[in-house]
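Notes follow the structure.
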Amino acid sequence: MGVRSAHVEDAAAGPPPLAVVCVVALLEGEPHAWLFEDAALTSLEELQTAWSGSDGPYVVFGHAQAELRGMAARSWEPPRVGCVMTAQILLAAEGGPRFRGRGWLEQLAAELLDVELLSPMCTEFDALAREASVSLELMRRMTPQLRRAGLVPTFEMECSLLPSVLDMERRGIRFDREAFTVLVRGWQEAHDELTLADAEDAPPRLRRLKKLLSTYAHWGDTFVGDDGRIRCHLHPMTTDSGRFSCTDPNLQQVPSTHTAPGFRACFRASPGHRLIVADYAQVELRVAAQVAPCDAMRRVFVEGRDPHRTTAATLTGKSEHDITDRERKLAKAINFGFLFGMGPRRFQSYAEASYGLELDPAQAREARDAFLRTYPGVHAWHQRTAALPRDTNDERVHVATRLGRRRGFDIADFSFTTALNIPVQGTAAEGFKLAMMRLHTRLPALEARGLLCVHDEYIAEAPAAHAEQVRERVVEEMTAGMRAVTPDVPIEVEATVCDNWEEA
DNA sequence: ATGGTAGATAGC
DNA sequence: GAATGCTATCTACCAT
């Protein structure tokens, strides 16, 4: 079964109606698409005909009927429809309540749109059609706002992304329950011993074990299906930055090897398959070099240098070769901290708490100044951002990502640090989403599928015989997707072929 | 009993 | 003048 998304475009008819994106599912060569009302379409031509006779905006969303029924049978969250997406995008830009995490879609529909929309148990196709017709009228009202705010590209991207998200949710990841059970038993024993030995104060080790037991131990029973695969819910539209959130379970917060050895090893490739685990190298710094823009930071990447080593060398006066691991780690924290507006005081306490490095206020100040001297483009960007609330006559200010996703602030609640972070984190998220769309289109030809996305990491699965070929393709497409938003800064992706998540 | 928030801790 | 950011989940606690 293949699913492809199609942007319907008709240049000859003048500017296209806004926010028109149709997701057409192709099932065994037969396209199925449904618009609102009773327009059930069976071909792309019919879809285009129906669309071109209307004055927009539209729905938007179709699914192969079999897919819909399959989702309903598993009580999945139903397909999201355009009006809900529009509302979420506008709320981030224009203020108002935000709906996050589990149940966000139902809450938004019930509380904001004042309609009973998209019941969680959407078992019949006609129910979806009726609900979609509700969304038509809502979208008619919201689309002008979308256009005025320049949010159409964001909306279109989110529509086009949906098939890849639904595919990941449906597919799940093979999970080794037996190994996990053994692991949990180990946590429990360690916890019991520690509790007996040291009942008074709770050392960090005991707190960590409590967290592991309370948050993760039940996953094997709660979230693993009869087919031995663990499935989560991914939410592409619930964050201000444009990143995904993830719930039930949150597979984006699975403890790493350092915290819980053996946990990620339970996430395995299907029989006969391998995992491809890929992530971007220093993606936020690269994106920052683009959006600031900062030529000095851009050059670090063009020349293939290590930005953390470079900062460490600047601070210590040593050559980049002589930097120790410890110095590099501190420099990494400095780069991220100062990039996003950390002040000298916080840096001072961080350096002492994490590294026992005692600095006086003047030294902390000098470290920050040195960073900003090294990256003048970053400094100028900070100054422009700090001036935003002063340089407006309006009551609100906005920051935006490369594709134009907006995050608005009341002047009274303006946050300098958030205003720095959103365009960088958000642009990186957009580049990643573009990459996911490319991968969703191209991996099936190699019999490979995406399984999970974790902010700057992508996990796919492929037949063992040509996993290496898939690895190369994943690197290519991830690089290309991010390059679309960072044309002036090189992008690097590191990817490994492995049998479980922990090997990566 | 139910519901909301703060803080700690898991991820990026 | 100063200011790292975005999340989810669990426990403890307080208010209704």
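Naming: A, B, ... by sequence-line order, numbering from 1 per chain.
- A distance below 6.0 Å separates the ring centres of A:Phe263 and A:Phe180.
- Distance from the side chain of A:Asp240 is smallest to C:dT7 among C:dT11, B:dA10, C:dT7.
- With hydrogens and angles ignored, a donor-acceptor pair under 3.5 angstrom links the side chain of A:Lys211 to the base of C:dT9.
- Neither OP1 nor OP2 of C:dA2 sits under 4.0 Å from any side-chain N or O of A:Arg368.
- At a threshold of 4.5 Å between non-hydrogen side-chain atoms, the residues A:Arg449 and A:Asp167 count as touching.
- In this structure, A:His235 atom NE2 and C:dC6 atom C1' are separated by 15 Å, rounded to whole Å.
- In this pair, A:Tyr216 and A:Trp219 present their aromatic rings perpendicular. The plane angle is above 60°, beyond the 30 to 60° band.
- Regarding contacts with the backbone of C:dT7, every side-chain N or O of A:Arg243 stays at 4.0 angstrom or more from both OP1 and OP2.
- Separating the CG atom of A:Leu234 from the C1' atom of C:dC6 is a distance of 16 Å, rounded to the nearest angstrom.
- Note on A:Thr239: every side-chain N or O is 4.0 Å or more away from OP1 and OP2 of C:dC6.
- Atom pair A:Arg407:CZ and C:dG5:P shows a separation of 11 Å (rounding to whole Å applied).
- Looking only at distances, a side-chain donor or acceptor of A:Lys433 sits under 3.5 Å from a matching main-chain atom of A:Pro236.
- Applying the 6.0 Å contact sphere to CZ of A:Arg98 captures more than 12 heavy atoms from other residues, nucleotides or ligands.
- OP1 or OP2 of B:dG11 lies within a sub-4.0 Å distance of a side-chain N or O belonging to A:Ser256.
- Here A:Gly341 lies in heavy-atom contact (under 4.0 Å) with a base.
- The side chain of A:Thr215 places no N or O atom within less than 4.0 Å of a non-bridging phosphate oxygen (OP1 or OP2) of C:dA8.
- Heavy atoms from other residues, nucleotides or ligands lying under 6.0 Å from NZ of A:Lys329 number 12 at most.
- If you check every strand for non-hydrogen atoms under 4.0 Å, A:Pro249 touches nothing.
- Looking at heavy-atom distances under 4.0 Å, A:Phe338 makes no contact with the nucleic acid at all.
- Regarding A:Lys433, its NZ atom lies at a distance of 13 Å from the C1' atom of C:dC6, rounded to whole Å.
- Rounded to whole Å, the distance from CD on A:Gln252 to P on C:dT7 is 12 Å.
- Within the 4.0 angstrom heavy-atom criterion, base atoms lie near A:Arg346.
- One interatomic measurement links the two molecules: CD of A:Gln425 to P of B:dC12, which rounds to 13 Å at whole-angstrom precision.
- No contact: A:Val424 has no heavy atom under 4.0 Å from any strand.
- A close approach under 4.0 Å does occur between a side-chain nitrogen or oxygen of A:His218 and OP1 or OP2 of C:dC10.
- The CH2 atom of A:Trp219 sits 9 Å away from the P atom of C:dT9 (whole-angstrom rounding).
- Using a 4.0 Å heavy-atom cutoff across all strands shown, A:Asp248 reaches sugar-phosphate atoms only and no base atom.
- OP1 or OP2 of C:dC6 sits under 4.0 Å from a side-chain N or O of A:Thr418.
- Checking C:dT7, C:dG5, B:dC12 against every side-chain atom of A:Ser245, the shortest atom distance belongs to C:dT7.
- The CG-P distance, from A:Leu452 to C:dA8, rounds to 15 Å in whole Å.
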